[in-house]
There are 2 protein chains.
Amino acid sequence: MARKRLTREESRDQTRQRLLEAAAVVIAKKGLAATSVEDIAAHAGYTRGAFYSNFKSKTDLFIELLKHDHADIQQGLQEILDSKLSIGDMQKQLAKFYVQAYCGDNSYVLWAEARLHAMRDARFRTRLSALLLEKRDMCAYFIEKFCDLMGKTLPAPASDLAFGTMALIDGVRFFNDSMPNELPDQRAQQLLSAMFSATFFSS
Amino acid sequence: MARKRLTREESRDQTRQRLLEAAAVVIAKKGLAATSVEDIAAHAGYTRGAFYSNFKSKTDLFIELLKHDHADIQQGLQEILDSKLSIGDMQKQLAKFYVQAYCGDNSYVLWAEARLHAMRDARFRTRLSALLLEKRDMCAYFIEKFCDLMGKTLPAPASDLAFGTMALIDGVRFFNDSMPNELPDQRAQQLLSAMFSATFFSS
DNA sequence: GATTTCAAATACAGATGTGTATTTGTATTC
DNA sequence: GAATACAAATACACATCTGTATTTGAAATC
């Protein structure tokens with residue numbers, strides 16, 4: 001099996017990583033508040049000792065989780081933008097990316113959880129707000145880029161449109177999860193693209 | 001002061017009502033999972049005994065809370081529809097109503113909380129789903145009614161548009177709360193109405 | 001290879017919650 | 001006004017989580 005003998009630092013990093021992964025799963029499943037430090041540690045195969053030796057608190061770990069997720073998304077989008085594909089192909093890639101990011105895994109649940117938590121914890125709100133701003137600006141950047149490429153003028157400030165876009169996507173997903181099968185994925189996609197193209201290309 | 005001497009039933013109803021009101025406040029403030037039965041009872045000025053004598057569980061009370069809220073909204077909208085105002089005035093009333101319902105109080109937080117909870121509790125999801133369906137249909141009914149009055153044809157099934165409308169409003173509000181002051185209420189309003197009129201009147 | 005260091009486990013002391021069973025006091029019934 | 005009924009309080013037994021303090025065993029250092 002060639003199980004490599006790990007150095008202290010490698011081992012520590014592995015533990016951190018496993019704790020983060022476990023936290024993502026458990027928090028998405030049970031919710032942030034209902035998830036105990038014990039849950040996270042146990043699901044990762046450790047005890048609470050390992051947790052407190054790696055993170056200051058559950059909130060701290062959670063922020064780190066969100067940062068990782070945000071970085072992953074940003075990287076994914078940047079790669080598409082840098083890919084120098086045609087506009088059509090880029091759009092396809094983008095659509096595919098969003099389907100994966102928003103429907104495939106549970107990261108969107110974590111962000112919903114985070115936004116609710118932010119309402120109750122001022123410190124957390126500050127930190128989350130910064131992340132969301134980055135997200136919005138990233139989204140705005142893409143919107144501008146695309147509209148530029150397509151020779152369209154924007155009907156509103158890009159940052160506002162980015163805000164609306166994120167809100168709509170998240171909102172649809174959020175509603176859809178709580179009333180499953182009412183709006184099949186395909187119709188949801190249609191609805192989203194109808195609203196988007198109406199918004200962006202109506203003028 | 002003429003504090004009326006209450007009958008047993010009146011007293012019981014009062015307790016129920018107070019528990020519901022207290023629950024709305026506490027759950028909006030701390031979140032459903034973080035709110036204990038104790039919290040609710042105490043905030044209403046009772047002990048847990050009173051709670052368990054009136055509700056089977058926290059979830060049960062929560063569903064009732066949502067039902068009440070839904071009924072209130074429905075009634076409000078129905079009154080506007082029945083008011084026989086001009087279309088313009090109706091629109092104004094409607095806008096005012098939404099501002100009040102979605103920005104004024106905390107009911108929207110409860111629904112967000114509910115949707116997250118629904119992901120984790122199948123029984124609850126079933127019950128919530130029914131409520132959300134009612135909400136969506138109510139919204140669809142209004143959309144049809146209005147478009148009828150304005151002589152417009154809908155670009156998509158009313159129920160889908162209703163879904164999108166609710167998702168967008170909720171999404172914007174949700175984002176806005178977690179990154180306050182980024183999108184002032186007024187700009188949010190503008191953005192919303194821009195997206196709506198684009199969607200509904202583009203074709 | 002003995003010594004030191006540190007990641008993770010374990011032990012501890014306390015807080016808070018749960019749901020049920022029982023009690024209490026006031027309205028209702030006779 | 002005594003008996004009854006029931007809303008709400010209290011008592012109980014137990015479960016779970018928290019954060020810190022201490023211990024342990026394996027890597028790093030010499």
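Worth knowing before you read on, the calculation uses all heavy atoms, side chains too, and leaves out hydrogens, waters and symmetry mates. Note that the structure is a prediction, hence the values are computed from the model and not measured. Lettering follows sequence order; numbering is per chain, from 1.
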A:Tyr52 OH to D:dT22 P, in whole Å, measures 18 Å
Report task. May I ask you to verify if any side-chain N or O of A:Arg8 is less than 4.0 angstrom from the OP1 or OP2 atom of C:dA7? Result -> no
Expected list for residues 35-51 of chain A near DNA chain D, using heavy atoms below 4.0 Å, is A:Ser36, A:Val37, A:Glu38, A:Arg48
Sorted by chain and residue number, the ring pair (Phe, Tyr, Trp, His ring centres under 6.0 Å) partners of A:Phe174 (sequence neighbours excluded) come out as B:Phe174
Review point. Below 4.0 angstrom from OP1 or OP2 of D:dA7, is there any side-chain N or O of B:Thr15?
Key: no
ask   = At under 4.0 Å, does any side-chain N or O of B:Ser11 touch on OP1 or OP2 of D:dA8?
value = yes
Here the distance between atom C1' of D:dC17 and atom NZ of A:Lys58, to the nearest Å, is 10 Å
From CD of A:Gln14 across to C1' of C:dA8 the rounded distance in Å is 13 Å
Sorted by chain and residue number, the side chain to side chain contact (heavy atoms under 4.5 Å, CB included) partners of A:Lys29 (sequence neighbours excluded) come out as none
d(A:Thr7 OG1, A:Arg12 CZ) to nearest 0.5 Å is 12.0 Å
Between CD of A:Glu9 and P of C:dC6 the distance, given in whole Å, is 12 Å
To the nearest angstrom, the CZ-P distance between B:Arg12 and C:dT26 comes to 19 Å
Whole-Å distance, A:Glu10 CD to C:dA7 P, equals 14 Å
Item to complete: In plain terms, say whether B:Asp170 and B:Arg115 are close enough for a salt bridge, that is, a side-chain N and a carboxylate O under 4.0 Å apart.
Response: yes
* For the ring pair A:Phe124 and A:Phe62, is the centre-to-centre distance below 6.0 Å? -> yes
Separation of C:dC6 atom C1' from A:Asp13 atom CG, nearest Å, is 14 Å
Here the distance between atom P of D:dA9 and atom CG of B:Asn54, to the nearest Å, is 10 Å
Student check: side-chain heavy atoms of A:Trp111 and A:Leu116 closer than 4.5 Å: no
Side chains of A:Gln75 and A:Glu79: is there a donor and an acceptor less than 3.5 Å apart? yes
